[in-house]
Protein chains: 2
Amino acid sequence: MATGRTHRPATRSRGIPEATVARLPLYLRALTGLSERSVPTVSSEELAAAAGVNSAKLRKDFSYLGSYGTRGVGYDVEYLVYQISRELGLTQDWPVVIVGIGNLGAALANYGGFASRGFRVAALIDADPAMAGKQVAGIAVQHSDGLEKIISDNGVSIGVITTPPGVAQQVCDRLVAAGVTSILNFAPTVLAVPDGVDVRKVDLSIELQILAFHEQRKAGEEAAANENAVPAPAARADSTEQGPDGDVPAVMPA
Amino acid sequence: MATGRTHRPATRSRGIPEATVARLPLYLRALTGLSERSVPTVSSEELAAAAGVNSAKLRKDFSYLGSYGTRGVGYDVEYLVYQISRELGLTQDWPVVIVGIGNLGAALANYGGFASRGFRVAALIDADPAMAGKQVAGIAVQHSDGLEKIISDNGVSIGVITTPPGVAQQVCDRLVAAGVTSILNFAPTVLAVPDGVDVRKVDLSIELQILAFHEQRKAGEEAAANENAVPAPAARADSTEQGPDGDVPAVMPA
DNA sequence: AGATGTGAATACGTTCACAGCC
DNA sequence: GGCTGTGAACGTATTCACATCT
């Protein structure tokens, strides 16, 4: 196993920034929409709006892939779809296993967006013997005893973990030992993996907590604004927060 | 991040970097684990390991909150739990609505991590009349006709969207008009919201595509390595012009 | 001694603004 | 004229390394 960190060599032409990679799927989705509506070309401005980013960022992102646009015209939709798909590795298809077929695992198995784009659910795996053989999303659940064989028989390199947190690390270890090198973790645990294995995590609870932080801050600002509104002490406004017309949402519930 | 420009005013003492905010829930989870095991104090090194980050980053993060540690000793676990909870706004509890009770919505409703920390499912809402009245996770599903009333009666400011993509924007608009200012979006769509409303998105498909990108790159490197090992044929199909060396970036701290 | 807290250095990401091409 | 592609400027995040305190 490649143990050494190969010390990123200020990579030459193939060094696409991580932030850009994370946005490519967004562009691809927007482009797919345009493609379905048979739109032939699109400007950076239009595409950026559809993807929810600004156009300078989009152009910079595309510049890492190459020069796929035409000045004065824009981008050819089909061509870009192909180029981005290729860059993301979606021209081949990726067999995926989901481990842990509870509510969430089942929901993911049923999720349409899975198959739509290069991914195929190769197997559903659960530790509960009572689950084995049951059909979920048209696929028979298999017992986790056979995990290693399933992985290697299907050439799976991407695993999705939707188990309870207590067993996520064990499952992860087995997946990695069996040859999986990319893991999408829905269990609220930090997974330890060897070098060369990528882990991405999705955590509902974390997302909500981040939202709560901002909610609280909004509430605080509102309160501060109200405080300012009444007394107005001799001291000047001290440029504290932004002006009165700032950011409190225009939507005031009746 | 929100689509709107929230005019960040270089806020004085309350300016906690976004990247730090995103890690606070991670620290909190690690600390909660220690707390349950009655560990009284923890060093930045230990806590960082448990949270899957490095210790310098953790200390820097905490320095934005204040000086809650003791030099030569470490951090008091209970005290830190409290401080971070307060900072994140988890000392109050947040009523949340989930709109779209399909597989995923139901899975989230059943998700334990929801209630565990400051969040309470105030209502489940679905547009299908056949769903209305059904119990999911012990809560009766309500029809979306009453959305506005549900929001205002319960003082809901956080909404979770698990509808099909086609209706996500409409649902979002109604939530916002009814007073919701934070949205967690599971639908694969870009949501447009007014200033002052935060949107965070969770998208399975995007995460998989990011993993596929890195998978592909690993495969390319392996191939390149093999090519080096074996004498290459005179003319090779140079479809994959992978850089000579390069390395797999540590995408996510694991 | 041992660990925190933090300026300074570095790396990464975004935005600006305009040259270059259609 | 219009739009891309990109160096340069700016801003944010991470890491280093050490002064500071118990």
Side-chain angles (χ1 to χ4, degrees), chain A residues 5 7-11 13 15-24 26-27 31 39-77 79-80 83-84 210, chain B residues 1-3 5-11 13-24 26-27 31 39-77 79-80 83-84 210 247 249-254:
Chain A
R5 331 186 15 90
H7 213 96
R8 178 168 344 215
T11 318
S13 50
I16 300 178
E18 193 52 36
T20 295
V21 171
R23 280 187 295 266
L24 292 180
L26 231 54
Y27 301 142
L31 285 164
V39 177
T41 61
V42 67
S43 69
S44 64
E45 203 70 55
E46 294 163 335
L47 183 53
V53 305
N54 74 46
S55 64
K57 195 184 282 184
L58 178 143
R59 289 200 303 278
K60 182 62 104 177
D61 283 341
F62 286 178
S63 79
Y64 294 117
L65 309 185
S67 285
Y68 295 143
T70 308
R71 289 165 202 244
V73 178
Y75 302 92
D76 182 280
V77 171
Y79 186 55
L80 245 195
Q83 290 299 344
I84 295 180
I210 295 169
Chain B
M1 261 307 237
T3 308
R5 24 175 314 110
T6 312
H7 200 155
R8 184 146 341 203
T11 319
S13 50
R14 211 99 299 246
I16 300 177
E18 194 53 37
T20 295
V21 172
R23 281 187 295 266
L24 292 180
L26 231 55
Y27 302 142
L31 284 164
V39 177
T41 61
V42 67
S43 69
S44 64
E45 204 70 55
E46 293 163 335
L47 183 53
V53 304
N54 74 46
S55 64
K57 196 185 280 183
L58 178 144
R59 288 201 303 278
K60 183 62 110 177
D61 284 341
F62 285 178
S63 79
Y64 294 116
L65 309 185
S67 284
Y68 294 145
T70 307
R71 287 165 204 245
V73 178
Y75 302 92
D76 181 280
V77 171
Y79 187 55
L80 245 195
Q83 290 299 344
I84 295 179
I210 296 170
D247 114 300
V251 168
M252 269 279 162

Could you walk me through whether B/Thr20 and B/Lys57 satisfy the side chain to side chain contact (heavy atoms under 4.5 Å, CB included) test, starting with their C-alpha distance in whole Å, then the side-chain angles of each, then the deciding distance to 0.1 Å, before giving a yes or no?
CA-CA 9 Å; B/Thr20 295; B/Lys57 196 185 280 183; over 6 Å; no
B/Ala19 side chain: which of D/dT14, C/dT4, D/dT4 is closest?
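From the listed options, D/dT14 comes nearest.
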Between the protein and nucleotides 7-10 of chain D, which nitrogen or oxygen pairs are less than 3.5 angstrom apart?
{"unit_1": "D/dG7", "atom_1": "N7", "unit_2": "A/Lys60", "atom_2": "NZ", "d": "3.3"}

Quick test: give all pairs of protein nitrogen or oxygen and nucleotides 18-21 of chain D nitrogen or oxygen below 3.5 Å, distance rounded to 0.1 Å.
{"unit_1": "D/dT20", "atom_1": "O2", "unit_2": "B/Arg71", "atom_2": "NH1", "d": "2.6"}

Side-chain donor/acceptor of A/Ser43 to backbone N/O of A/Glu46, under 3.5 Å:
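Judged by distance alone, yes, a pair lies under 3.5 Å.
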In chain order, what residues pass the salt bridge (Lys or Arg N to Asp or Glu O under 4.0 Å) check against A/Arg23, with sequence neighbours excluded?
A/Asp61
With B/Tyr75, which residues qualify under ring-ring contact (aromatic ring centres under 6.0 Å, His included), at least two apart?
B/Phe62
Per the end-axis method with five pairs at each terminus, what is the bend angle of the helix from C/dA1-D/dT22 to C/dC22-D/dG1, to 10°?
0°
Apply side chain to side chain contact (heavy atoms under 4.5 Å, CB included) to [X] and list each qualifying residue two or more places apart in sequence or on a separate chain.
X: B/Pro40; value: none
X: A/Ser55; value: A/Ser44, A/Glu45, A/Ala48, A/Arg59
X: B/Tyr68; value: B/Leu65, B/Tyr79, B/Leu80, B/Gln83, B/Arg86

How is A/Phe62 classified with respect to the nucleic acid when contacts are heavy atoms under 4.0 Å: base, sugar-phosphate, or nothing?
nothing
Which residues pass the side chain to side chain donor-acceptor pair (under 3.5 Å) test with A/Thr41, not counting sequence neighbours?
none
